[in-house]
Amino acid sequence: MASSSVADQEGQVMLLGFWFSPFVKRVEWALKFKGIEYDYVEEDLTNKSTLLLTSNPIHKKVPVLIHNGNPIAESLVIIEYIDETWKQNPILSQDPYERAMARFWANFIEQKVTEPAREALFSKGEQQEKKVKELKEGMEVVEGEAKAKLNDKTLFFGGGNGVGYVDIVLGWTCNWMETIEEVGGFKVLDPESQPQFHKWMANFREVPFIKPTLEPKEKLVEFFRMIRQDRLGLVANK
Amino acid sequence: MAEEEVKLFGTWVSPFSRRIEVALKLKGVQYEYIEEDLTNKSPALLNYNPVNKQIPVLVHNGKPVAESLVIMEYIDETWKHNPILPADPYERAMARFWAKYIDEKFCAAARKIVVAKGEEQKGEIDEIQQQMKNLEGELKEKKFFGGESLGFLDIAANIIIWLVVGQEALGMDQILNEEKLPVLHGWLHRLLDDAVFKECVPPKDRHLDLFKVKFGSSIASK
């Protein structure tokens, strides 16, 4: 597929990603939620395309959304852009206070759940123990919020039966958390102490536009096991 | 018009709470400021931000908002005059991208600089100068990141001032020097000249003293 003509095509949406990336998946969920047509480009972790490197020269990472030739990086920034550009099926509420609450929780999830989880996956020993502890504490707060906000009528953080921003940001946990536990060799998921969170995960997995996108656990485990070994191998050789 | 009650919990030396002061002043919003002692946090603060227990917290008609960039967006959406973020979604995305870059990458590098020594410190200085070069790429020929007037990213980039004061307090060579970073150097001077912004930086002498007390010993032991 020719990349030089991409910039000329009015309205064209392209997403650069990795099949295994939870950050990319979030963006896909946002696009699918709004029914936006897009071209997906699978990048190679070991051989990043020129398009990726020029579209995201600062971080050189996926996801990158390219709309009308304009690139946007960072999953949360991309999701807000999608919400502001395509008005159907709003992801964030229209109310400024509700928006602030959603953004606050998205930030919290990134700093206290997503980051520690990632660091726990790629560390071992004392460093990993520290990160697992942080992750558990983050999960406790998430469970508290789930207890406060969710019930039989309100299945999602977006309110009612519809997913919203917080669900999309937290959504990676419903598929990747088990993988991280298995590959990293630790446990954070506990249905007994996290009943509301587990209910939320079960409901999220069943959302019609989410379900078909979830990668099989064995495939994710095999891949992340390789990455973890690779990264820790490098550290050991120093 | 309904009576508005706006409170800001902050500290005089936090760049994050100073950001909120700029945003509120740019919009002409009247507010009550509460100076917190972070070694002895008030019950009010702990009540308004039980999750992170941090400043800044904005309380609008009794409802609290935390996290400086989240608060700034809330202010922009609630008081719509003198917009802080641009109208165009792509430009908004760019402002958010770079504000995130500052809060994640720049802050991490700045923290490391004050505690690192020798070669490691030099490496961190190179890193932060590269980051500032990247920011120059976003600023280009403009007066401010926001264009003719201060915007979201200018306010978020206030933290650069803390680096400049810190390096001065520790007797280091200028990191943000005119030779290496002419574009950002010019921007910084315009920022500090701005009538609203300059009211929202810590008093220089007090700031220098605090830095020396906090970090001076790490330099003395070199």
Side-chain angles (χ1 to χ4, degrees), chain A residues 13 27 30 55-61 63-87 92-115 137-138 140-145 148 165-166, chain B residues 16 20 48-54 56-80 85-108 127 130-138 152-153:
Chain A
V13 182
V27 175
S55 301
N56 188 6
I58 299 295
H59 300 300
K60 303 176 174 50
K61 284 182 177 173
V64 178
L65 189 83
I66 306 177
H67 182 218
N68 295 334
N70 294 321
I72 304 155
E74 292 297 304
S75 65
L76 299 193
V77 175
I78 297 172
I79 293 169
E80 290 231 33
Y81 173 81
I82 289 170
D83 208 33
E84 288 175 353
T85 304
W86 290 274
K87 307 279 190 207
L92 277 160
S93 160
Q94 290 303 301
D95 174 69
Y97 191 72
E98 294 299 315
R99 292 162 76 85
M101 292 304 98
R103 285 173 178 141
F104 173 86
W105 283 109
N107 258 325
F108 179 86
I109 289 161
E110 288 303 74
Q111 286 171 27
K112 306 288 183 178
V113 178
T114 310
E115 253 318 283
E137 285 165 2
E140 239 184 89
V141 178
V142 169
E143 174 64 20
E145 188 61 10
Y165 188 61
V166 173
Chain B
F16 308 105
I20 310 308
Y48 284 131
N49 188 3
V51 176
N52 290 332
K53 305 177 174 54
Q54 277 172 18
V57 177
L58 186 83
V59 183
H60 182 207
N61 294 336
K63 300 208 282 195
V65 184
E67 292 295 310
S68 65
L69 299 183
V70 175
I71 298 171
M72 278 165 61
E73 296 234 25
Y74 176 79
I75 289 171
D76 209 33
E77 290 171 0
T78 302
W79 293 277
K80 297 199 197 291
L85 275 162
D88 174 66
Y90 188 71
E91 288 179 40
R92 292 162 78 87
M94 290 305 101
R96 287 173 179 141
F97 172 88
W98 287 106
K100 200 168 192 280
Y101 183 77
I102 286 168
D103 271 6
E104 289 172 9
K105 301 283 183 191
F106 187 90
C107 280
E127 164 67 25
Q130 179 55 52
Q131 288 177 9
M132 289 195 280
K133 257 260 159 294
N134 293 338
L135 275 166
E136 285 192 329
E138 178 61 16
F152 189 79
L153 187 49

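To find a chain, count down the sequence lines: A is the first, B the second, and so on, and within it residues start at 1. Excluded from the calculations below are hydrogen atoms, water molecules and symmetry mates; all remaining heavy atoms, backbone and side chain alike, are included. Note that this is a predicted model, so its numbers are computed, not measured.
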| query | In terms of heavy-atom pairs under 4.5 Å with chain A, which of H60(B), M94(B), K105(B), K100(B) leads? | reply |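 Highest number of pairs under 4.5 Å: K100(B).
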| Residue, of Y90(B), Y74(B), F97(B), that accumulates the most heavy atom pairs under 4.5 Å with chain A |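 Ranked by contacts with chain A, first place is Y90(B).
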| Partners meeting side chain to side chain donor-acceptor pair (under 3.5 Å) with K61(A) (sequence neighbours left out) |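 So K61(A) forms no side chain to side chain donor-acceptor pair (under 3.5 Å) with any residue.
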Most heavy-atom pairs under 4.5 angstrom with chain B, which of [options]?
options	answer
K112(A), E74(A), E145(A)	E74(A)
Y97(A), Y81(A), F104(A)	Y97(A)
V141(A), T85(A), N107(A), I58(A)	I58(A)

| request: Give a yes or no answer on whether the side chain of D83(A) reaches the backbone of L92(A) with a donor-acceptor pair at less than 3.5 Å. | output: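 Side chain of D83(A) to backbone of L92(A): a pair is present.
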| task | Without swapping roles, check the side chain of Y101(B) against the backbone of R96(B) for a donor-acceptor pair under 3.5 Å. | result |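 A pair under 3.5 Å: no.
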| Toward chain A, the part of D103(B) with a non-hydrogen atom under 4.5 Å |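 Contact with chain A involves no heavy atom of D103(B) at all.
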| Measuring heavy-atom distances to chain B, does H67(A) have an atom under 4.5 Å in its side chain, in its backbone, in both, or in neither? | neither
| Got a sec, which residues hit salt bridge (charged side-chain N to carboxylate O under 4.0 Å, His left out) with K60(A), two or more places apart in sequence or on another chain? | none
| Minimum heavy-atom separation for L69(B) to A99(B), with atom names? | CD1-CB, 3.9 Å
| query | Any side-chain donor-acceptor pair under 3.5 Å between E138(B) and N134(B)? | reply |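 Absent: no donor and acceptor within the cut-off.
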